[in-house]
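Chain letters run A, B, ... following the sequence lines, proteins first, then strands; residues in each count from 1.
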Amino acid sequence: MYIIRRVLTMLLTVWVIATLTFILMKLIPGDPFSTEEGALPEEALENLYAKYGLDDPLPIQYLTYMKNLLTFDLGISMEGSGRSVNDIIASGLGASATLGLLTLLIALVFGVTLGIIAALYHNSIFDYTAMVIATVGISVPNFILAPLLMKFLAVDLQVFPVANWGTWQHAVLPSIALASGPLAIIARFVRSSMLDVINQDYMKTADAKGLPTYRILFLHGIRNAILPVVSFIGPLFVSLITGTLVIERIFSVPGIGRYFVDSIFNRDYTVIMGTTIFYSVILVVVLFLIDVSYRFIDPRITLTSKGGS
Amino acid sequence: MSLLEVNNLKVNFKTYGGTVDAVRGVSFNVNHGETVAIVGESGSGKSVTVQAIMGLIAHPAGNVQGGSIRFKGKELLKLNKKQMREIKGKQMSMIFQDSMTSLNPTMQVGKQISEGLIYHQNVSKREAKVRAIEMLKEVGIPNADKRYEQYPHEFSGGMRQRVMIAIALACNPDLLIADEPTTALDVTIQAQVLELLQDIQEKKDTSIILITHDLGVVAEGADKVIVMYGGMMVEKCSVHELFSNPNHPYTWGLLESIPNVYHEKKERLKPIEGSPPDLFSPPKGCPFAPRCKYAMNICMEEVPDLYDIAEGHSSRCFLNDELAPKIAEFSDAEELV
Ligand SMILES: Nc1ncnc2c1ncn2[C@@H]1O[C@H](COP(=O)(O)OP(=O)(O)O)[C@@H](O)[C@H]1O
Ligand code: SF4
Ligand SMILES: [Mg+2]
């Protein structure tokens with residue numbers, strides 16, 4: 001029951017996003033074939049419009065698109081290469097997913113560790129250092145951090161390549177740039193969550209059982225402190241996706257984000273629609289999985305109850 | 001030798017507002033198989049006293065400033081963390097007031113029982129589980145096999161407190177400390193839980209320190225009583241003495257505020273007027289002086305010593321001084337309960 005309702009909601013969400021994107025996209029002045037100089041002859045333009053169905057009335061264009069969407073056909077890129085959007089997404093997916101997952105991993109592992117150290121050594125030099133790092137991480141946008149990383153770690157120290165893609169070394173700098181913000185947010189969150197847990201009665205119970213410190217800390221403390229972080233992965237994922245758009249460009253990563261940004265500049269309608277829908281599907285699926293996994297991680301939550309956090 | 005000998009225990013907490021002298025010189029013994037009750041208004045230092053005994057006072061804010069705690073002849077205040085772990089949860093264990101917050105919400109209750117067994121008795125996981133299920137049965141939880149795998153929120157308040165008791169008793173301790181184990185429960189459930197504690201005590205000859213607000217509970221189940229006020233022990237005596245020959249004016253106040261269960265008509269309770277002392281700056285003299293009907297000049301100036309009233313009965317009140325005026329005997333309180 002819950003699952004059915006959730007799946008329907010997810011479909012509805014994707015449909016709303018697709019429709020809004022369609023409307024907004026058509027509101028941007030210009031189209032894929034208009035250039036500033038108006039270089040193309042009238043006749044050629046008309047041919048192109050006809051080829052891509054752009055001469056139909058808007059409602060018809062919309063219905064056609066939705067009909068194709070039902071068969072997972074995202075259309076052909078209008079930018080001239082003739083590649084299908086499905087093909088473009090498939091070719092960028094590897095790089096984007098690698099970058100995204102690596103970033104998620106860095107943000108979670110370092111964010112949680114930093115937060116817990118800060119809480120355990122509350123009000124000590126560790127705590128202050130961790131929180132300074134976190135504050136810097138939150139306040140410096142990744143598009144500023146990116147060139148700084150390039151300058152110091154790639155150009156000056158030459159430990160990592162400046163840009164491009166291929167080896168694991170290529171993934172390091174863009175991942176760090178992307179992870180810094182989420183890492184900092186997680187660190188602060190885990191710190192306050194852990195400080196809260198340390199003062200809970202059940203920690204005293206664990207202590208009164210005479211358990212060794214590591215057991216009290218890990219099994220009773222940290223486990224409970226990081227549970228709420230799961231609810232964080234959703235929004236984190238959103239910021240990751242928007243983040244990759246910029247970072248993939250800066251570091252010339254051949255991911256989906258780069259195509260997406262280019263497609264907006266080129267008014268490449270099918271690519272804009274296709275990548276947006278792809279991202280929104282990923283997003284609703286991830287949010288769904290987080291909700292479900294919450295049920296397994298936190299016994300107090302049942303799937304029938306409303307909301308996750 | 002008593003099982004537990006607490007001598008002149010002092011505990012303070014450093015806070016942003018200053019230093020709180022939570023416990024200011026408490027001394028008592030607990031013998032084998034005996035139940036010692038600690039009574040007093042909230043904030044009088046009861047929990048801090050027993051937490052100090054269990055080694056649960058958290059540094060650096062909390063400090064056990066002085067005194068001695070001898071358990072089976074061993075000075076606990078001199079033990080390091082590792083040595084203390086050999087005692088906590090194994091030879092001495094504790095039940096807390098609020099079973100909801102005192103159990104880990106995300107761990108199966110059975111595992112919360114068996115983890116102590118695994119650690120202290122060096123048994124396998126499987127063996128620990130068998131024993132934990134036995135414990136659950138022993139404290140009167142039906143369907144113990146199934147209950148083992150459930151989480152605290154799936155239990156009622158009374159059942160959760162039974163789980164707490166199972167955790168505390170898992171390693172068969174010599175001393176069980178129960179800090180207001182029934183305050184958070186319904187009246188009928190309270191009685192059941194207390195009965196369970198008494199049964200276990202009889203069966204296993206466990207010594208118990210029981211913190212309670214309820215003098216009725218004291219009358220029924222305790223051997224000795226310690227009355228605490230403002231971080232101090234103001235009276236210490238046998239339960240019989242407490243009701244037949246109470247000495248301290250604060251104890252009188254407590255006895256007068258007992259709800260009289262045997263009388264049909266509702267008598268108005270007489271709570272003690274005023275509020276407990278501010279432990280940041282405790283009164284110079286007797287902590288009870290600002291609320292005491294009988295306070296004399298000296299009471300504002302000096303802290304009274306413990307006066308011996310009878311065998312095993314002492315009271316921290318100047319009225320026992322030879323020079324003090326005699327107060328008409330407090331009416332026999334035994335009939336109240
Ligand atoms: N961790 C702590 N930090 C600061 N003050 C504390 C702490 N624990 C207890 N106290 C203070 O010690 C006093 C006694 O508390 P407690 O022993 O809990 O009282 P009781 O159990 O008798 O109600 C109270 O004034 C309380 O504010
Ligand atoms: S010492 Fe004085 S103030 Fe304190 S209880 Fe006795 S009479 Fe009252
Ligand atoms: Mg208390």
Side-chain angles (χ1 to χ4, degrees), chain A residues 112 116 119-127 190 193-231 290 292-309, chain B residues 16 47 50-51 53-58 60-61 81-109 111-121 149-154 160 163-164 167-168 170-171 173 176-177 179 184:
Chain A
V112 167
I116 283 174
L120 292 184
Y121 301 94
H122 184 38
N123 283 342
S124 73
I125 185 79
F126 292 109
D127 187 15
V190 168
S193 165
M194 188 69 189
L195 282 177
D196 182 50
V197 164
I198 286 175
N199 288 316
Q200 292 292 317
D201 290 348
Y202 57 76
M203 294 297 279
K204 261 215 166 103
T205 307
D207 191 358
K209 283 182 202 172
L211 299 173
T213 313
Y214 74 86
R215 216 187 139 89
I216 300 177
L217 268 185
F218 279 89
L219 262 95
H220 294 277
I222 294 176
R223 207 189 115 90
N224 281 303
I226 61 177
L227 272 188
V229 175
V230 178
S231 66
I290 288 169
V292 173
S293 63
Y294 221 85
R295 167 69 189 88
F296 292 102
I297 301 174
D298 190 336
R300 287 163 298 186
I301 292 162
T302 53
L303 283 185
T304 42
S305 70
K306 290 219 158 94
S309 54
Chain B
Y16 290 115
S47 296
V50 292
Q51 283 173 16
I53 295 170
M54 283 287 291
L56 297 179
I57 300 293
K81 266 188 158 182
K82 188 153 174 269
Q83 293 164 323
M84 195 62 199
R85 282 206 294 269
E86 275 302 299
I87 292 182
K88 281 198 272 193
K90 187 175 179 184
Q91 306 177 45
M92 180 200 279
S93 59
M94 186 151 170
I95 303 167
F96 297 87
Q97 172 175 344
D98 188 347
S99 60
M100 184 73 229
T101 56
S102 299
L103 288 168
N104 185 340
T106 61
M107 191 188 267
Q108 295 179 351
V109 295
K111 290 202 172 140
Q112 302 191 43
I113 301 172
S114 53
E115 65 173 346
L117 285 166
I118 294 170
Y119 180 71
H120 287 302
Q121 321 235 301
E149 281 164 15
Q150 291 187 329
Y151 293 90
H153 71 275
E154 297 171 84
R160 273 198 303 267
V163 171
M164 281 301 293
I167 292 175
C171 297
L176 176 67
I177 300 174
D179 188 351

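- Within the 4.5 angstrom heavy-atom criterion, only side-chain atoms of B:Met164, from C-beta onward, approach chain A.
- A 4.5 Å side-chain heavy-atom check between A:Thr205 and B:Asn104 finds every atom pair outside the cut-off.
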N/O donor to acceptor pairs below 3.5 angstrom from side-chain atoms of residues 195-202 of chain A, sequence neighbours left out:
unit_1, atom_1, unit_2, atom_2, d
A:Asn199, ND2, A:Leu195, O, 3.3
A:Asp201, OD2, B:Thr101, OG1, 2.6

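- Contacts between B:Lys82 and chain A at a heavy-atom distance below 4.5 Å are absent for every atom of the residue.
- Contact of B:Ile167 with chain A is made through the side chain alone, with heavy-atom distances under 4.5 Å.
- Residues satisfying the salt bridge (Lys or Arg N to Asp or Glu O under 4.0 Å) test with B:Glu86, not counting sequence neighbours, are B:Lys90.
- Residues of residues 212-221 of chain A placed with any heavy atom under 4.5 Å of a heavy atom in chain B are listed by number as A:Pro212, A:Thr213, A:Arg215, A:Leu219, A:His220.
- Between B:Pro105 and A:Asn224 the shortest side-chain heavy-atom distance falls below 4.5 Å.
- The contact between B:Leu103 and chain A is made entirely by backbone atoms, counting heavy-atom distances below 4.5 Å.
- The stretch residues 216-226 of chain A participates, sequence neighbours left out, in no salt bridge (charged side-chain N to carboxylate O under 4.0 Å, His left out) pair at all.
- Ranked by heavy-atom pairs under 4.5 Å with chain A, the first of B:Ile95, B:Ile87, B:Leu56, B:Ile118 is B:Leu56.
- Within the 4.5 Å cutoff, the side chain of B:Pro173 has no heavy atoms near those of the B:Met92 side chain.
- Residue B:Tyr151 places its OH atom among more than 12 non-hydrogen atoms of other residues, nucleotides or ligands, all under 6.0 Å distant.
- At a 4.5 Å heavy-atom cutoff, B:Glu154 makes no contact with chain A through either its backbone or its side chain.
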* To do: Walk me through it: do B:Ser93 and B:Ile177 pass the test side chain to side chain contact (heavy atoms under 4.5 Å, CB included)?
  => CA-CA 6 Å; B:Ser93 59; B:Ile177 300 174; over 6 Å; no
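- With rounding to the nearest 0.5 angstrom, the CD atom of B:Gln97 is 7.0 Å from the OG atom of B:Ser47.
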